[in-house]
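Below is one structure; the comments refer to it alone.
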Protein chains: 2
Amino acid sequence: MPRQWYNILADMPGAPMDPPLNPATKKPMGPDELAALFPMALIEQEVSTQRWIDIPEEILDVLAIWRPSPLYRAYNLEKALGTPARIYFKWEGGSPPGSHKPNTAVPQAYYNAKEGITKLTTETGAGQWGSSLAFAGQFYGLEVRVFMVKVSYEAKPFRRLLMETWGASCIPSPSDKTDVGRSILAEDPECPGSLGIAISEAVEEALKREDTHYALGSVLNHVILHQSIIGLEAKKQLEKVGDYPDVVIGCVGGGSNFGGIAVPFAYDKINGKDLRILAAEPAACPSITRGVFAYDYGDTGKMTPMLRMHTLGHDFIPPSIHAGGLRYHGMSPIVSKLVEEGIAEAKSFHQRGIFDAAVLFARTEGFVVAPETAHAIKACVDEAIQAKEEGKEKVILVNASGHGHFDMNAYHQYFENKLEDYEYPEENIRKALEALPKI
Amino acid sequence: MPRQWYNILADMPGAPMDPPLNPATKKPMGPDELAALFPMALIEQEVSTQRWIDIPEEILDVLAIWRPSPLYRAYNLEKALGTPARIYFKWEGGSPPGSHKPNTAVPQAYYNAKEGITKLTTETGAGQWGSSLAFAGQFYGLEVRVFMVKVSYEAKPFRRLLMETWGASCIPSPSDKTDVGRSILAEDPECPGSLGIAISEAVEEALKREDTHYALGSVLNHVILHQSIIGLEAKKQLEKVGDYPDVVIGCVGGGSNFGGIAVPFAYDKINGKDLRILAAEPAACPSITRGVFAYDYGDTGKMTPMLRMHTLGHDFIPPSIHAGGLRYHGMSPIVSKLVEEGIAEAKSFHQRGIFDAAVLFARTEGFVVAPETAHAIKACVDEAIQAKEEGKEKVILVNASGHGHFDMNAYHQYFENKLEDYEYPEENIRKALEALPKI
């Protein structure tokens, strides 16, 4: 298991990364301003340009519960596709919460506890991140409060129960616990909630209390840093079998699992290696392929720091596709920058196609993946078919970010032929982009 | 990973194991009679007294998807209990279906396919076994038909969807597909079904067709043989860290995961080693602690071979506890014999207590276990507390047979204080035992 994280900021080509801006003043935010939300260790990691950062023993001990995660050669899938490609998948679904999310939840909980914080707040959509932070918090004695989008809270009780089993409290958002929540409920008592509202509630609680911080499961630089362990392990594992990828694939919502597997290979590409790094995003929320690269807010309440990233606009409301983890208007600034610099590329995929690929994967490789992960599997299948058509050997590395045991209803709808493909109309995207803040 | 299974029949003390009897004639069944249900390779394994049996490459390839399974030291649980005991748990929840069941589903599917069988039938209660056979069947091109107890089919759609995702068909039982099903439906169209009825339906279908066999996920000798891989791995893994268990623990329903972890250690005990081997069963279905050791049928329809085992009687109807996998009237003849010979022992546990232990385990070790597995965790916690009270060092090895991601509703009921402890009344047990066949 790697004992250091890899920090791509040490090697990022082009102009330096743009700093986060204060959402009120639109001025660059210093560490002191960010300290109301995050512990100093994470703020330092957020801006550090040190290439290798040591992973503390107390974090390694917990990561060792499920890491190193296995890398598999997908022989059966290759055979079913009749492709000359060699397909490898990194399986992140074996962690107790069932996804890659605890790779960053654990260090975030650790650094907060170390700095005397006793309570963490966060938001969650489908519940993968909320359950991962609940899991992580207990190892360091932290109270975890998760604001869960109300419609998910009611429709998906199992992930909520998982959080409660790990001792966290889970609050349907909008709630009467915060000013933001109360004002929204006053206007619309039946409001189903959204990720943007839930973020605003979690941030408000963290800002109000000295003993409380906020934790974010994706997007930020320190999250990609922590997730780099996926790519570092995969690289070592491939070395052992004497292989190296021609294409590295991950799905993207906020960019954390893709960033995690990508950055060690991005380092190689920056240093002259010839390979492709491909982000698979949903056609229903295509922040890289159809958004713009600009400063934007992270939430609808405009309370989070502003980041320069690929965005569909903070007012963008994605249709309710099953890959709840990919329904976010913004994209990790690191992933955005990698795309802008030509290191990474993106493709978008429709719902029905990704489930075709996920079912094929389940019936060949055995693992039933989450709908988010299914995007990466679909991109992988397309690459493998292309390799067959071109008669080319090709090595494909794909990050299988999580299992789908909590998402069987999505498979049900697929089998019942009830899934819809949703192309976001040009006009809606234009409108959402018009609301971008002027910098 | 072990390349051979260990067969305890080579070393079982006492009189030879009693043979299965024909349910109609009550005469010992020869291989030819069993061949209507099982492939010859499995029938040979069922009666073999060869100590080590090679695992074919084609099986090892599939088992390698998740095996060897990890062995963890439960440092956090030890700390929380303040015990001097060293606790190790073997984690079987990482397999694609989430339990130990595919350890035998894969070889069963392989041997059937190798002998030209194209279709397997089976029954399932909560769905762990049905989903495991669905998973296994696809690797060898087998059609899998699962009769699922109707009340579970309706209440637990997620495991059913898992089976369908792996290409199996899942039929609510009683069904109109079999004579048994039709006759039951004629009497009671609203019949909620039972495991005994579902077994009868699956067996009937297998008996009727040349190309079809039946597969059983527990109880039988060849199942324990395949599951021995758990104990063999655990022994090697403990050797690596220089430890050896004072007590080996598993939960028991039909006996497969307990038998699997127990038999390699039972071998040591038979050869003079001093250790305890402890089966944890539900107080609501206490086949070892309150049943008798006698010949009985495996199903309500009296269609299966009769086995000499611990049983509560084939008419026994257990209350609907959440550990659906432990609601079976009988017990593996091998496990029963180990108890009779004084090699293994059993204790029974109530529902609320096992969830206390499971929640403690989740909050210390991170894994949310299935209600079945929670019985083993509870037994382990009790042993660790006893070690503390006695001020004794003790090494505890516990088999954590599966994850609880499909069972969050049971945790919900626990948190809501809605679980009931159920002590089976002496009179009901006496009545059920009166129905035992006379041999």
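The analysis underlying the following values was restricted to heavy atoms, covering all of them including side chains, and did not include hydrogens, waters or symmetry mates. In the text below, chain A, chain B and the rest are named by the order of the sequence lines, each starting its count at 1. Predicted model only: the values in this text are computed from it and were never measured.
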Heavy-atom proximity to chain B below 4.5 Å, by part of [X]:
X	value
A/Phe415	side chain
A/Phe367	both
A/Ala64	backbone

Notebook entry, point to check: More than 12 foreign heavy atoms under 6.0 Å from CD of B/Glu58: is that the case here?
Noted result: yes

With only heavy atoms counted, which part of [X] is less than 4.5 Å from chain A, the side chain, the backbone, both or neither?
X	value
B/Asn409	both
B/Ala358	neither
B/Phe406	both
B/Tyr414	neither

Got a second to check how far [X]'s [atom1] is from [Y]'s [atom2], nearest 0.5 Å?
X	Y	atom1	atom2	value
B/Tyr411	A/Leu162	OH	CG	9.5 Å
A/Glu164	B/Met408	CD	CE	8.5 Å
A/Arg363	B/Phe139	CZ	CZ	12.5 Å
B/Phe355	A/Thr165	CZ	OG1	9.5 Å
B/Arg160	A/His412	CZ	NE2	6.5 Å

Next item on the list: Give the member of A/Ala362, A/Ala136, A/Gly137 that has the highest number of heavy-atom pairs under 4.5 Å with chain B.
Entry: A/Ala362

Note to self: Give me the atom names and distance for the closest heavy-atom approach of A/Pro96 to B/Gly366.
What the structure shows: CB-O, 3.3 Å

Next item on the list: Indicate the atoms forming the closest heavy-atom contact of B/Tyr72 with A/Trp66, along with that distance.
Entry: OH-CA, 4.1 Å

Note to self: Counting heavy-atom pairs closer than 4.5 Å to chain A, which one of B/Ile65, B/Val368, B/Val62 comes out on top?
What the structure shows: B/Ile65

Note to self: Would you say the rings of B/His405 and A/Phe158 are close, in the sense that their centroids are separated by under 6.0 Å?
What the structure shows: no

